[in-house]
Amino acid sequence: MDFRFTDDQLTLAESVRDYLAGTHGPEVLRRLDAEGNRDPAIWQGLTEMGLTGLLVPEEHGGLGLGLVEAALIAAECGRACLAEPLVDTAFVAVPWLVRNGDLADLGAIAAGERQMPLPHVLNPWVADGEGSALESVDPLRNLVMFPAAGSADPYLLDLGALMSAAQLVGLADAMLHQAVEYAKIRTQFGQPVGAFQALKHQLASCAVAVEFAKPAVWRAAEALQDGGESASVHVSHAKVAASDAAVLTAETAIQVHGAMGYTYEVDLHFWMKRSWALNGAWGDRAWHLKRIDQAVIGGTMPIGPEHTFA
Amino acid sequence: MKLGFSAEEELFRQECAEWLQGQMAGEFRDIKGISTLTAKAERRKEWEQQLAAHKWSCIGWPSEWGGRDATLAQQVIFAEEYARAGVPGRVNHIGIELAGPTILAFGTEEQKQRFLPGIAAGQTIFCQGFSEPGAGSDLASVRTKGRLENGEWVVNGQKIWTSLAHISDWIFVVTRTEEGSKGPKGLTFLMMELDQPGIEVRGIKQINGDAEFNETFFTDARCAADSMIGGVGEGWKIAMGLLAFERGVSTLGQQMAFRNELDEIIAAAKETGAARNPLIRQRIAKAEIGLRLMRYGALRMLSNTDHSKIDGAALTYKIQWATWRRSLGELAMDVLGQAGELAEGADYEWPVLSNLFLYSRADTIYGGTNQIQRNLIAERGLGLPREPRGDA
């Protein structure tokens with residue numbers, strides 16, 4: 001029993017974090033927002049780091065890593081508010097294609113030549129796919145309605161929900177950081193507003209929600225990687241907990257920023273809108289809560305004193 | 001991440017489970033399932049001794065002091081099997097989990113020999129004398145005075161919320177030993193025998209009718225000069241070191257008890273028909289998620305090899321479980337509906353779920369209120385500026 005990551009996993013996540021922090025700051029989000037949302041140089045950079053091929057088996061030109069590593073990196077993508085369809089293509093579509101033995105596109109995906117966001121019946125519109133354009137609340141999300149209905153495969157849904165949850169904890173972390181830094185420098189009544197309990201207690205509640213959502217995401221990634229029978233329920237735990245954490249943190253971060261938080265000028269709204277979009281994607285909270293209550297009350301999830309519940 | 005237990009650990013689990021379940025089906029079946037801390041106290045002291053006789057009383061301690069040098073995973077397993085077997089809470093949990101580890105960490109060799117065997121054997125029951133009427137959340141403002149006189153400490157003052165003082169043998173007391181000192185300075189940590197003329201213990205009746213905690217009055221109470229842990233004026237350091245032990249492995253056994261409570265609520269919801277109500281179903285799903293989050297959070301916290309470091313998980317753990325359990329009590333009441341109002345008998349005794357509702361009102365208060373927890377998280381965890389404080 002050990003809930004720690006390996007040094008390799010941590011090093012990988014840190015290198016992605018450092019790379020995105022160095023190349024994909026808020027000024028990039030503002031530039032993309034003004035200049036058409038996508039920059040091939042960003043995708044090129046992600047490809048060169050090997051991230052498009054992270055889950056592609058080595059014989060197809062990828063790194064052959066697993067869902068735990070992918071979830072760690074998806075969280076970093078959330079932290080940076082990355083809008084490129086890396087998570088949808090490389091961490092959702094790829095493992096689904098591999099599971100289905102549909103290997104034809106894997107080489108092109110690993111090489112960064114192919115993007116493949118997939119629709120699901122529960123999630124008919126996706127970002128950066130082919131189809132009629134829709135306008136998302138998230139200004140960096142190139143949303144389209146797919147011309148044909150998506151798959152109904154629960155594994156695809158679980159992958160999408162897991163990776164959304166991972167992005168949501170990264171988004172929440174980033175919003176909490178912005179709010180905390182603002183609360184340290186904004187002065188009213190002769191002191192930083194972060195000294196007041198009315199604000200610090202709200203920020204502490206966000207920290208609690210974020211801290212506890214993270215291990216649920218890692219646990220779900222491990223469960224989905226292992227393919228145990230309760231993996232879907234673990235994914236639902238993660239999706240609800242991460243959505244709760246991100247929505248609470250978005251709401252609180254805006255409140256902490258006061259009127260500035262309601263402006264387009266403060267970068268916070270990019271993260272808040274991505275959180276809003278991902279909260280509803282791949283099964284919203286009501287959908288995942290229902291899946292949990294069916295498992296717990298309906299008896300498909302083993303509970304009771306004869307079971308441990310790791 | 002390795003989320004399972006090894007084959008060896010599973011064997012250990014089996015050994016724990018067999019012994020504990022055997023005891024609860026045999027000699028100690030009369031205490032199985034007791035959910036209050038005070039019921040059948042004498043039998044539960046015998047249970048402490050039974051644990052000790054079979055070397056199960058303090059498995060995480062070093063073997064030279066009656067423990068088993070158990071690994072973290074083994075301690076987790078024992079705590080889980082303990083709760084799973086329906087064994088009631090330890091009446092000496094303060095001795096085993098707080099006093100013992102504190103003496104091991106800060107005590108002299110002589111003090112270890114004097115105290116540890118009795119604690120390990122279930123012969124010396126400890127309670128904790130920290131809070132005072134004027135020192136609750138502001139713990140450092142304790143006023144109980146200690147002075148050295150003819151080679152003895154003489155203590156005067158009052159402690160409050162001393163859980164199980166009425167069935168304990170010893171109390172550790174944070175006293176102000178430096179005249180005129182304020183806050184965390186000038187405090188000394190003393191071990192005192194309760195059975196003496198200078199100490200009086202009075203029970204405090206709680207909202208559930210039980211009286212687990214007490215007021216403890218000290219009037220020229222005495223202990224030997226060498227009953228002090230650490231040095232004169234080091235009481236705050238020792239007290240804070242002790243509180244760090246509270247975040248230990250026992251949290252995982254506690255979760256198994258929480259699991260039992262939630263399962264009982266689910267069973268009740270099926271029985272009353274509340275399980276067909278979508279609002280109740282959603283709250284049960286949320287309770288299930290909350291329990292999972294605690295579980296994974298605690299496993300992550302305990303997997304951290306450097307236990308001295310307060311990481312984000314450790315800092316946030318208390319408020320998470322306390323708030324979760326308070327909500328669980330409310331869910332239990334909504335599942336029971338009007339029947340939740342009914343006591344079990346004429347003596348203001350409560351069925352398990354009603355007692356859970358009442359008892360869990362305390363969870364968000366003791367051991368640092370939710371408000372104090374949020375201050376700690378914000379100031380130590382997030383680095384926000386300290387709120388303005390008086391100079392007391």
Side-chain angles (χ1 to χ4, degrees), chain A residues 1-6 9 68 176-177 180 183-184 191-192 194-197 199-216 218-219 221-223 226 233-234 236-237 240-241 244 286 288-297 301 303-310, chain B residues 1-6 9 72-73 76 80 84-86 255-256 259-260 262-263 266 269-270 275 278 281-282 284-286 288-297 299-305 312-313 315-316 319-320 323 371 373-379 381-388:
Chain A
M1 185 213 59
D2 189 342
F3 234 75
R4 285 169 300 172
F5 298 107
T6 64
Q9 288 170 329
V68 174
L176 181 58
H177 178 72
V180 165
K184 287 178 187 170
Q191 46 186 316
F196 296 117
Q197 289 191 344
L199 284 196
K200 71 166 47 144
H201 283 194
Q202 291 188 54
L203 291 167
S205 296
C206 295
V208 174
V210 177
E211 278 302 322
F212 279 90
K214 283 178 196 169
W218 318 140
R219 176 69 186 89
E222 178 79 17
D226 280 359
V233 187
H234 286 293
S236 288
H237 296 148
V240 176
D244 283 348
H288 285 284
L289 281 169
K290 189 153 184 61
R291 192 156 76 165
I292 295 165
D293 90 44
Q294 283 169 342
V296 174
I297 302 169
M301 182 92 174
I303 59 168
E306 67 276 27
H307 300 283
T308 51
F309 64 114
Chain B
M1 292 197 284
K2 290 191 294 289
L3 298 180
F5 291 94
S6 71
E9 286 161 351
L72 182 65
V76 167
E80 286 182 351
R84 196 203 305 273
Q255 287 166 11
M256 191 55 74
R259 172 84 266 170
N260 293 344
L262 177 55
D263 289 349
I266 294 169
K270 287 181 178 169
R281 292 181 74 94
Q282 201 171 73
I284 288 173
K286 286 183 179 173
E288 174 75 21
I289 293 172
L291 184 60
R292 298 276 169 174
L293 299 190
M294 276 187 271
R295 176 74 171 173
Y296 307 141
L299 285 172
R300 188 173 70 153
M301 173 170 85
L302 295 173
S303 298
N304 185 350
T305 42
L315 205 52
T316 51
I319 194 170
Q320 175 75 14
T323 310
Q371 288 65 40
Q373 301 299 330
R374 288 195 185 95
N375 276 359
L376 292 173
I377 295 162
E379 292 173 10
L382 299 176
L384 285 166
R386 280 164 69 95
E387 62 168 336

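A quick note: this is a predicted structure, and the numbers were derived from the prediction, not measured. Letters A, B, ... are given to chains in the order of the sequence lines, protein chains preceding strands, and every chain is numbered from 1. Basis for what follows: all heavy atoms, side chains included, without hydrogens, waters or symmetry-related copies.
- Here A/Phe196 pairs with nothing under the ring-ring contact (aromatic ring centres under 6.0 Å, His included) rule; sequence neighbours left out.
- Heavy-atom distances place no part of A/Gln202 under 4.5 Å from chain B, backbone and side chain included.
- Heavy-atom distances place the side chain of B/Glu379, and not its backbone, under 4.5 Å from chain A.
- Taking chain B as the reference chain and counting heavy-atom pairs below 4.5 Å, the highest number among A/Ala209, A/Ala204, A/Ala216, A/Pro192 is found for A/Ala204.
- In this structure, A/Glu211 and B/Arg300 have side chains that are in contact, with non-hydrogen atoms separated by less than 4.5 Å.
- Contact annotation for A/Val68: only side-chain heavy atoms (C-beta onward) come within less than 4.5 Å of a heavy atom of chain B.
- Between the CG atom of B/Asn375 and the NZ atom of A/Lys200 there is a distance of 5.5 Å, given to the nearest 0.5 Å.
- Below 30°, between 30° and 60°, or above 60°: for A/His234 and B/Tyr296 the angle between ring planes is between 30° and 60°, a tilted geometry.
- Within the 4.5 Å cutoff, the side chain of B/Ile289 has heavy atoms near those of the A/Leu289 side chain.
- Note that CG of B/Leu384 and CD of A/Gln197 are 12.0 Å apart. Values are rounded to the nearest 0.5 Å.
- Heavy atoms of B/Arg386 lying under 4.5 Å from chain A belong exclusively to its backbone.
- Your options are B/Leu293, B/Ile284, B/Ile377, and the one with the most heavy-atom pairs under 4.5 Å with chain A is B/Leu293.
- At a 4.5 Å heavy-atom cutoff, A/Leu199 makes no contact with chain B through either its backbone or its side chain.
- Contact annotation: the side chain of A/His177 never approaches that of B/Leu382 to less than 4.5 Å [non-hydrogen atoms, C-beta and beyond].
- With sequence neighbours excluded, no residue forms a salt bridge (Lys or Arg N to Asp or Glu O under 4.0 Å) with A/Lys290.
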